Amino acid sequence: MRKVEEFMRTRGLEVGDLVRITKVEGNGRIYLEGLVMPPYELSPGETLTIKLDNGYNVGILIDAIESVEVLRKGGERDRASFREVLPKRKGLPNVTILGTGGTIASRIDYKTGAVHPAFTAEELAKAVPEVFEIANLTPKLIMNILSEDMKPTYWIKIAKEVAKALNGGEDGVVIAHGTDTMGYSAAALSFLLRGLNKPVVLVGAQRSSDRPSSDSAMNLTCAVKMATSDVAEVMVVMHGETGDTYCLAHRGTKVRKMHTSRRDAFRSINDVPIAKIWKEEIEFLRSDYRKRREGEVIVDDKMEEKVAILKIYPGISGELLDFLVEAGYKGVVIEGTGLGHVPQEFIPHVQRAVEEGVAVCVTSQCLYGRVNLNVYSNGRKLLKAGAIPCEDMLPETAYVKLMWVLGHTNDLEEVRRMMLTNYAGEITPYTRPDVYLR
Ligand code: DAS
């Protein structure tokens with residue numbers, strides 16, 4: 001038995017107990033109060049973990065603990081084993097949490113220091129007891145991967161699990177997901193889930209749940225809160241600023257991870273976030289979101305996977321596009337410069353691709369603003385070559401949308417019509433000046 005289990009056993013400590021700990025620090029003492037958390041299997045077992053009132057988890061070396069006072073024994077709910085599904089509380093909404101992996105569901109492997117997907121959805125939900133005050137949770141682990149390993153076939157699997165939960169009567173679904181490709185998955189689910197009638201919220205973390213600075217507790221709490229709202233859209237909920245003050249709910253087709261490590265890495269691009277969320281309340285930032293309604297969610301899972309994104313850069317050779325055409329790719333999203341431009345010697349390669357039936361869509365690597373191929377001569381030539389300008393769509397949203405559109409048709413005029421149809425807020429009618437770097 002590890003030191004932490006022995007320590008808890010001999011002092012009669014149980015998960016969920018509210019304790020005050022006296023810790024020896026240098027020549028002095030410090031006092032910490034919090035909820036006893038379950039020891040992490042992967043740790044050496046030298047520390048007792050408690051959850052402070054602000055949601056942070058703190059590991060305290062057993063050897064530095066002078067005394068522990070139990071202020072309140074944990075309730076049955078806190079002691080529930082990781083394998084139990086909690087009894088439903090009358091009057092609370094029902095939310096399914098689908099686990100797919102990522103940092104939010106990971107912990108540090110103390111042997112190697114690497115972060116590994118480890119939590120089951122149950123453990124994730126139980127690691128943040130406050131979420132049980134917001135909704136009855138039904139956790140379900142559907143995969144356990146880092147999101148850089150996400151695939152279109154996994155998007156379809158997730159969409160089917162979401163539809164099953166919502167059509168089965170759940171009031172909302174939360175998807176615990178890695179942050180690296182969360183924007184892609186949020187966009188994909190926005191197109192795959194037709195007739196969406198309840199909230200679907202993707203949530204992740206920039207710090208693993210077993211680190212004191214973890215953002216997972218607040219992100220998960222705000223995500224569950226948003227899943228009980230009347231927004232019938234696919235959203236991403238993550239920190240709205242670096243401090244533990246509020247989260248933002250972003251529209252799934254307009255959100256992007258814009259920083260490698262900041263807790264507020266996710267930003268709405270060319271759009272206003274749907275809401276600010278605190279643990280207790282939601283402040284809507286707009287009213288034109290799709291509202292909760294009756295009905296059945298359908299998974300429209302036809303997707304063409306032979307689609308690529310090609311970022312334009314000085315000196316790029318058109319042969320890269322030729323390679324994609326010869327490799328049988330059916331669609332290419334060009335991340336053009338500025339208003340959506342490519343070098344003029346690239347344009348004949350676009351023409352050839354279109355003539356061979358490949359859909360070539362144009363977005364901008366500026367991310368903010370919208371493409372306009374009518375301003376400069378190279379843009380006009382690109383239009384003439386048959387390229388499809390994609391308004392203010394993010395490149396990754398256009399990529400996912402083109403996969404979904406090409407799953408339905410390979411007639412290039414129909415592809416153009418569908419790419420320029422607004423299905424899930426991916427295209428805004430005009431670009432608001434106040435959304436730049438908001
Ligand atoms: N590797 C990252 C991912 O799974 C970790 C994370 O940020 O969740 O997206």
Side-chain angles (χ1 to χ4, degrees), residues 40 42 55-57 97-125 127-128 131 139-155 157-159 161 173-190 200-224 226 234-242 244 247-250 252-253 255-269 309 394-397 399-400:
Y40 294 120
L42 287 181
Y56 277 90
N57 290 354
I97 294 189
L98 298 177
T100 71
T103 289
I104 189 169
S106 297
R107 61 168 72 88
I108 297 171
D109 176 344
Y110 290 91
K111 298 189 193 72
T112 65
V115 173
H116 289 287
F119 274 129
T120 65
E122 289 87 338
E123 291 168 342
L124 183 62
V128 190
V131 293
K140 183 174 182 184
L141 186 69
I142 56 174
M143 62 188 77
N144 204 357
I145 61 168
L146 294 172
S147 77
E148 55 268 32
D149 296 325
M150 192 53 76
K151 294 189 174 83
T153 48
Y154 297 168
W155 293 334
K157 178 179 168 68
I158 296 169
E161 289 288 347
V173 171
V174 168
I175 302 166
H177 189 292
T179 61
D180 289 9
T181 67
M182 191 186 288
Y184 290 83
S185 296
L189 292 169
S190 301
V200 175
V201 184
L202 287 91
V203 64
Q206 291 280 66
R207 308 273 192 289
S208 56
S209 304
D210 52 355
R211 290 168 59 180
S213 63
S214 179
D215 48 338
S216 58
M218 186 176 144
N219 289 352
L220 188 66
T221 305
C222 291
V224 171
M226 205 62 206
V234 177
M235 295 168 273
V236 164
V237 167
M238 291 289 286
H239 266 55
E241 54 108 7
T242 50
D244 274 347
C247 285
L248 285 173
H250 303 275
T253 52
V255 63
R256 201 171 194 275
K257 181 176 181 179
M258 296 297 283
H259 197 282
T260 55
S261 57
R262 280 176 65 116
R263 288 142 46 103
D264 58 349
F266 283 77
R267 311 314 287 171
S268 286
I269 308 292
I309 301 179
L394 279 169
E396 52 270 32
T397 297
Y399 160 71
V400 166

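The first residue in the sequence is number 1, and the count goes up from there. All ligand and atom numbering here is 1-based and tracks the order in the structure. Computed from a prediction, not measured in an experiment: that's the story for all the values here.
- If you check the side chains of His177 and Ser185, you find a donor sitting under 3.5 Å from an acceptor.
- The nearest heavy-atom contact from the protein to atom 7 (O) of ligand 1 is Thr179 OG1, 2.4 Å.
- Set against the non-hydrogen atoms of Glu148, the atoms of ligand 1 under 4.0 Å away are 1 (N), 2 (C), 3 (C), 4 (O), 9 (O).
- Among protein heavy atoms, the minimum distance from atom 9 (O) of ligand 1 is reached at Ser147 OG, 2.6 Å.
- At distances below 3.5 Å, at least one donor-acceptor pair connects side-chain atoms of His250 with backbone N or O atoms of Ser268.
- Ligand 1 has at least one atom lying under 4.0 Å from a heavy atom of Ala205.
- Take Arg263 and apply the salt bridge (charged side-chain N to carboxylate O under 4.0 Å, His left out) test, not counting sequence neighbours, and it matches Asp244.
- Taken from OH in Tyr154 to CD1 in Ile142, the straight-line distance is 11.5 Å, to the nearest 0.5 Å.
- Counting the atoms of ligand 1 from 1 in the order shown, those under 4.0 Å from a heavy atom of Gly102 are 4 (O), 8 (O).
- For the side chain to side chain contact (heavy atoms under 4.5 Å, CB included) with Cys247, the qualifying choice from Asp215, Val237, Val236 is Val237, the only one to do so.
- Remark: of the listed residues Thr179, Thr181, Thr100, Thr181 is the sole one forming a side chain to side chain contact (heavy atoms under 4.5 Å, CB included) with Ser147.
- In this structure, atom 6 (C) of ligand 1 lies nearest to the protein heavy atom Thr103 OG1, 2.9 Å.
- Inclusion of His177 in the set of residues having an N or O under 3.5 Å from an N or O of ligand 1 is not warranted.
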